[in-house]
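Written below as structure tokens is the structure these notes are about.
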Number of protein chains: 2
Amino acid sequence: VRSDPLRIVLASPRNPLNIGAAARAISNFGFSHLRLVSPYDVAYHEARSAVRAKHVLEQSEVFTSMREAISDCTLIVGTTSVGHRGLHIPLYRLEQGAKLVREYLERGNVALLFGSEKFGLSNDELSHCNWAMRIPTRTEHASMNLGQAVAICLYELRRDDAIAQLPEYPQPENAPAESLERLLKVLMDLLVASGYASQPNSQSTELKLRQLLRRVKIPPHDAEVLLGMLRQVLWKIRNSGP
Amino acid sequence: VRSDPLRIVLASPRNPLNIGAAARAISNFGFSHLRLVSPYDVAYHEARSAVRAKHVLEQSEVFTSMREAISDCTLIVGTTSVGHRGLHIPLYRLEQGAKLVREYLERGNVALLFGSEKFGLSNDELSHCNWAMRIPTRTEHASMNLGQAVAICLYELRRDDAIAQLPEYPQPENAPAESLERLLKVLMDLLVASGYASQPNSQSTELKLRQLLRRVKIPPHDAEVLLGMLRQVLWKIRNSGP
């Protein structure tokens, strides 16, 4: 098995919680390599003492320059919330950019760069990038939290468009007609016993009730549970004196 | 314009940073309604004093029960990392679940439920849900950070599958052949002047270099910049006599 060819590179992260959150997302989505360029020392130390995603943090590497952090990569992709900065490289939306990254990971190492919490990637850091991608946030509030941005990018890399449309956990069938008819019978008995339906108009009530039972979706087991409950209520009504 | 029909409901959140992160993601992706069920008081207070996503936090509502928090919604969707818990409702992967939510938002209010940081949604909270969805994390480390989970779900709701394959920022054209030939000419002059290529084998060098220039992709403007640089170097070599 070829080892994980993706390197998640955080440039000058300042907040230990963000480093920890990035590590956790890397672990959640089955990636492994976290690289930090000139992290704030205290932040790195604190993050390493965090419990979650321990193996990712323990194996994380620290570099003093972006050049060294990406030296074994052949595709360098920046992330940016853009807006103002005049980019010198192509900018893709994440949906498309992630597709290109995924294809490239079959062939070579990719570095995915995230800028510092406050300023994002600098022009100097962006000059290492082949292209950039952005998460489709709204223009009025484009800048995302670092840990959340990392999580969304990694999610998109693992996303499966062709995933089955059916739920993973089986959707229960509806109860069979025979079961619904038994339910209808007890309900009618209850309505007559309680005085809601009188004999003369009971046929139209039965019709309405059958239609209602066909609109409501009742799984087989739930139909049996309801039947048991209603039978008990019926028994109580019939056996509690006048 | 119909007001935003999505309610993001956090059940018993404990960490102010997570409440703040959820609010920020809600703002990033253009949603508006944050609802909190029995948040830890201190956490809620601290989160409200956060700077980011102020309008979302200011409009957030606090409830003492899940029942009240979702009362105006007709579709209730839980989020879970599952694994062990025997779910009584259908479970979709986020890719599919988000599609269903998006379709439903055209017609009615949807509540999207997130459980507490430590325990996720309780069985009681899940009993309010029509179905649940899960973010496709790996089984060995399925549980996500709350703020990251909210961000990923909202991203998926805003995701556009049909987004143009081209970069938003235009991909530069390659320099025209005429421009590359001028570049080739200066390079050859340089190689001859520096003694790298001697007259006899200069034809094969020229061939190799033309092929190289066709493999390398050079945008028109960059070709001109390089040309200027190389001409200066050539001038220097020719004018610094032995």
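Below, chain A is the first sequence line, B the second, and so on; all start at residue 1. Any value given below was found using the heavy atoms of this structure, including those in side chains, with hydrogens, waters and symmetry copies removed.
If you measure heavy-atom distances from His221(A) to chain B, you find no contacts under 4.5 Å at all. Heavy-atom distances place the side chain of Ile135(A), and not its backbone, under 4.5 Å from chain B. Only the backbone of Ala142(A) has a heavy atom closer than 4.5 Å to any heavy atom of chain B. The contact between Glu156(B) and chain A is made entirely by side chain atoms (from C-beta outward), counting heavy-atom distances below 4.5 Å. Interface remark: Leu17(A) contributes side-chain atoms only to the contact with chain B (heavy atom separation under 4.5 Å).
Proximity to chain B among residues 69-77 of chain A is not found for any residue, judged by heavy-atom separations below 4.5 angstrom. Along residues 143-151 of chain A, the residues that come nearer than 4.5 angstrom to chain B, judged on non-hydrogen atoms, are Ser143(A), Met144(A), Asn145(A), Gly147(A), Gln148(A), Ala151(A) in order of number.
Your options are Ser27(B), Gly97(B), Pro136(B), Gly30(B), and the one with the most heavy-atom pairs under 4.5 Å with chain A is Ser27(B).
We find the CG-CD distance between Asp161(A) and Gln96(B) to be 9.0 Å, quoted to the nearest 0.5 Å. In this structure, CG in Leu154(B) is found 12.5 Å from OG1 in Thr137(A), a value given to the nearest 0.5 Å.
Side-chain atoms of Glu95(B) and Tyr155(A), non-hydrogen and from C-beta on, do get closer than 4.5 Å to each other.
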